[in-house]
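A, B, ... follow the sequence lines: proteins, then strands. Residue 1 opens every chain.
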Number of protein chains: 2
Amino acid sequence: MSPRGREPLTRERVLGAALELADGGGFESLSMRKVAAAVGVEAMSLYNHVANKEDLLDGLVDIVFGELEAPEPGAADWKDALRRRAHSMRDVLNRHRWAVGLMESRVAPGPENLRFHNATMGCLREAGFGFREAVHASSVLDAYIYGFALQERSLPFDTPEEHGAVIEVKQAAIPDMTPFPYLVEVMTEMATAGYDYATEFAFGLELILAGLEP
Amino acid sequence: MSPRGREPLTRERVLGAALELADGGGFESLSMRKVAAAVGVEAMSLYNHVANKEDLLDGLVDIVFGELEAPEPGAADWKDALRRRAHSMRDVLNRHRWAVGLMESRVAPGPENLRFHNATMGCLREAGFGFREAVHASSVLDAYIYGFALQERSLPFDTPEEHGAVIEVKQAAIPDMTPFPYLVEVMTEMATAGYDYATEFAFGLELILAGLEP
DNA sequence: TTGACAACCTTACGGCGTAAGCGTACCTTA
DNA sequence: TAAGGTACGCTTACGCCGTAAGGTTGTCAA
């Protein structure tokens with residue numbers, strides 16, 4: 001039980017506060033001191049619940065893995081299962097943009113990580129993919145999904161209006177665009193017609209799914 | 001001219017030293033003080049040649065863009081031009097693994113960045129792709145390439161022998177793998193047969209290229 | 001000769017991750 | 001009830017980090 005009435009600090013509370021700070025946009029400035037302040041404690045007290053900052057990040061990444069919709073091994077429509085898996089990953093990675101580069105780079109994979117990858121391989125194997133083919137399929141899908149999330153993360157605007165404004169600023173900052181006529185075309189076209197990431201994502205995803213067969 | 005005979009420090013020398021440190025594996029611990037020491041100067045002296053650390057990173061990223069093989073607008077075989085572009089990107093991103101997450105996230109794109117993207121769009125437009133289709137094509141290709149590089153970067157081994165060793169360690173660290181039979185299959189299979197990134201990359205690339213037509 | 005300027009310097013500030021060790025409230029066992 | 005152990009919070013301190021402020025010095029143009 002907790003001393004002095006305050007409800008007890010746990011690893012879950014620490015990770016929850018860190019997740020909130022990271023999602024709030026302050027991932028690159030996320031620090032042990034700020035997490036500690038968010039849970040009303042001094043920095044060093046966190047070390048009773050996480051081994052170090054790396055361990056804290058491992059915990060965050062596994063929470064994100066837990067939010068992903070794992071495909072069901074043995075699903076009737078394996079292609080649709082993979083489609084829904086992909087859209088789930090894009091949604092989740094957009095909620096937690098800081099996580100994009102970290103998902104597959106943890107040395108110590110957490111339980112949700114294992115669960116998710118096991119389900120993906122299971123779905124492919126049960127759909128009739130051979131072992132090598134299943135690895136190929138998950139590799140190309142994940143590369144595309146993470147790569148798309150990476151590109152989507154790096155654009156500093158969300159609405160089409162912001163989009164246009166940013167492009168104008170960028171164009172103004174570059175002294176002479178005449179050597180790059182094809183880029184000028186992209187920028188003017190996008191400034192007027194906007195850009196829809198969801199459509200773009202679906203295009204590439206369907207292209208890849210169409211090329212996959214057991 | 002330089003005082004005291006020592007050849008003058010330039011932005012290029014600063015970026016060169018920083019690139020060497022980053023490629024040497026110390027990107028996450030790259031600091032202004034270390035770059036300064038590498039060029040025989042105090043940290044604050046760097047600020048005569050770069051605005052700040054962000055500007056230094058912008059410079060590094062543009063150097064990497066400069067190493068990429070840009071496709072030629074109007075190439076006879078546009079598909080092969082894109083294929084060579086993709087392999088060039090994988091090669092370069094493997095030489096500069098720290099750059100993977102940074103390439104498309106710079107607020108201020110450098111001249112080599114502009115040159116490369118202009119060439120890519122030009123190659124697609126001249127191959128007969130409509131404007132929207134060209135954007136689709138470059139989006140799916142780049143997402144795949146960057147995503148693949150991201151996954152390749154995060155694996156902490158290079159040779160098949162190291163690969164096996166790492167897998168054994170990982171498997172030993174996880175208490176009970178029985179809930180994840182499909183993962184066990186992957187790990188044992190890979191430990192014996194190894195894993196070839198080049199083949200894996202080519203598989204996905206050809207799948208995507210096969211699905212692209214003007 | 002003078003004065004401006006560029007390039008390198010020292011100093012200092014606030015923030016970082018975390019090692020070391022202290023204090024106190026609680027639980028177990030005698 | 002008393003004694004000892006343990007869990008969990010705390011303070012302090014170290015060596016890093018990026019960079020603001022401003023000093024020094026060697027080289028030029030006027």
Side-chain angles (χ1 to χ4, degrees), chain A residues 1-62 98-99 101-102 105-108, chain B residues 1-62 98-99 101-102 105-108:
Chain A
M1 203 156 292
S2 154
R4 307 246 48 82
R6 170 169 60 170
E7 82 265 44
L9 193 58
T10 62
R11 181 180 170 96
E12 282 63 40
R13 283 224 302 140
V14 171
L15 292 180
L19 189 66
E20 200 161 328
L21 287 174
D23 287 344
F27 176 73
E28 67 290 336
S29 75
L30 184 72
S31 72
M32 299 299 275
R33 291 176 222 261
K34 285 181 190 167
V35 175
V39 293
V41 122
E42 295 301 318
M44 288 310 290
S45 300
L46 298 180
Y47 288 83
N48 288 310
H49 305 280
V50 297
N52 47 42
K53 192 178 182 181
E54 203 65 13
D55 181 36
L56 187 148
L57 293 181
D58 283 341
L60 291 186
V61 166
D62 214 51
W98 50 268
L102 305 179
S105 73
R106 313 316 296 166
V107 177
Chain B
M1 204 157 295
S2 153
R4 307 242 53 77
R6 170 170 58 171
E7 82 266 44
L9 193 58
T10 62
R11 180 179 172 98
E12 281 64 40
R13 282 224 302 141
V14 171
L15 292 180
L19 189 66
E20 200 160 329
L21 288 174
D23 287 343
F27 176 73
E28 67 290 338
S29 74
L30 185 71
S31 71
M32 299 298 275
R33 290 176 224 262
K34 285 181 190 169
V35 174
V39 293
V41 124
E42 297 300 320
M44 288 310 291
S45 300
L46 299 181
Y47 289 83
N48 289 307
H49 305 280
V50 298
N52 47 42
K53 193 178 184 183
E54 203 65 14
D55 181 36
L56 186 149
L57 293 181
D58 283 341
L60 291 186
V61 166
D62 214 50
W98 50 268
L102 306 179
S105 72
R106 314 316 295 167
V107 178

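- When rounded to the nearest whole Å, the span between CZ of B/F27 and P of D/dC17 equals 14 Å.
- Contacts of B/L30 with the nucleic acid, taken as non-hydrogen atoms under 4.0 Å apart, involve only primed sugar atoms and P, OP1 or OP2.
- Phosphate contact (OP1/OP2 of C/dC8, side-chain N/O of B/H49, threshold under 4.0 Å): present.
- Residues that satisfy the side-chain contact (heavy atoms from CB on, under 4.5 Å) test with A/A38, not counting sequence neighbours, are A/A17, A/L21.
- Rounded to whole Å, atom C1' of C/dG17 lies 14 Å from atom CG of A/D55.
- Put simply, CD on B/E42 is 15 Å from C1' on D/dG23, counting in whole angstrom units.
- Within the structure, every pair that satisfies the side chain to side chain donor-acceptor pair (under 3.5 Å) test and touches residues 19-35 of chain A, not counting sequence neighbours, is listed here: A/D23-A/H96, A/D23-A/W98, A/S29-A/K34.
- Of the residues in residues 17-26 of chain B, not one places a heavy atom less than 4.0 Å from an atom of DNA chain C.
- Expressed to the nearest 0.5 Å, how far CG of B/L9 lies from CG of B/N48 amounts to 8.5 Å.
- A pairwise comparison of heavy atoms in B/L19 and B/L60 identifies N-CD2, 3.7 Å as the closest pair.
- Across all strands shown, B/S45 has heavy atoms under 4.0 Å from base atoms, whether or not it also approaches the sugar-phosphate.
- Within the 4.0 angstrom heavy-atom criterion, no nucleotide atom of any strand lies near B/L56.
- Applying the side-chain contact (heavy atoms from CB on, under 4.5 Å) criterion to A/E12, with sequence neighbours excluded, gives A/T10.
- A straight line from CZ of B/R11 to P of C/dC8 spans 15 Å, rounded to a whole angstrom.
- For residues 28-57 of chain A, the set of pairs meeting the ring pair (Phe, Tyr, Trp, His ring centres under 6.0 Å) definition, not counting sequence neighbours, is empty.
- Following rounding to the nearest Å, B/E28 (CD) and D/dC16 (P) show an atom-to-atom distance of 16 Å.
- The side chain of A/S31 contributes an N or O atom lying less than 4.0 Å from OP1 or OP2 of C/dC16.
- To the nearest 0.5 Å, the span separating CG on B/D62 from CG on B/L15 amounts to 9.5 Å.
- Sequence order on DNA chain D of the closest nucleotides to A/N48 and B/S29 puts A/N48 first from the 5' end.
- For the salt bridge (charged side-chain N to carboxylate O under 4.0 Å, His left out) with A/D58, the qualifying choice from A/R106, A/R11, A/K53 is A/R106, the only one to do so.
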Please tabulate, one pair per line, each protein N/O and nucleotide N/O from nucleotides 18-20 of chain C that are separated by under 3.5 Å, including the distance.
residue, atom, partner, partner atom, Å
C/dT18, OP2, A/Y47, OH, 2.8
C/dT18, OP2, A/K53, N, 2.9
C/dT18, O5', A/Y47, OH, 3.4

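- With values rounded to the nearest 0.5 angstrom, A/N52 atom CG is found 11.5 Å from A/L46 atom CG.
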